[in-house]
Amino acid sequence: MIKDKRQKRDLHALDENGMVLCNSRDKEAAHRAEAEGIATEDWAAVTCRKCLELIYKHNKALQERKDPS
Ligand SMILES: [Zn+2]
């Protein structure tokens, strides 16, 4: 049985600077991810757990800024 490797790949999130969220210091990783089509600016489509966690934190921080308790 041949497994399709593409289906196993996580889709990473790109931030406003075009960097991969879970690897934001690695420009090469961003280029690679973009070239291979495994990164997206559409955060709703992201499947990478690390990216999702960072998106969650990002959104939470935004919300707290908007609505201070
Ligand atoms: Zn990621």
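First listed ligand is number 1; within each ligand, the first listed atom is number 1.
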Item to complete: Kindly indicate whether the side chain of L11, heavy atoms from C-beta on, has any atom under 4.5 Å from the side chain of C48.
Response: no
Worksheet, complete the sentence: Closest non-hydrogen atoms of D15 and W43, given as atom of the first, atom of the second and distance, are CA-CZ2, 4.2 Å
Worksheet item: So how many protein N, O or S atoms does the Zn ion (ligand 1) have within less than 2.8 Å?
Response: 4
Item to complete: Report yes if some heavy atom in the side chain of V20 is under 4.5 Å from a heavy atom in the side chain of L14; otherwise report no.
Response: yes
Worksheet item: Is there a donor-acceptor contact under 3.5 Å from the side chain of D10 to the main chain of H12?
Response: no
Practice prompt. Go through the steps to decide whether R9 and E36 satisfy the test side chain to side chain contact (heavy atoms under 4.5 Å, CB included), and finish with yes or no.
Written response: CA-CA 10 Å; R9 286 220 174 149; E36 291 173 22; 2.8 Å; yes
Worksheet item: Say you draw a straight line from CG of L52 to NZ of K57; how long is it, rounded to the nearest 0.5 Å?
Response: 12.5 Å
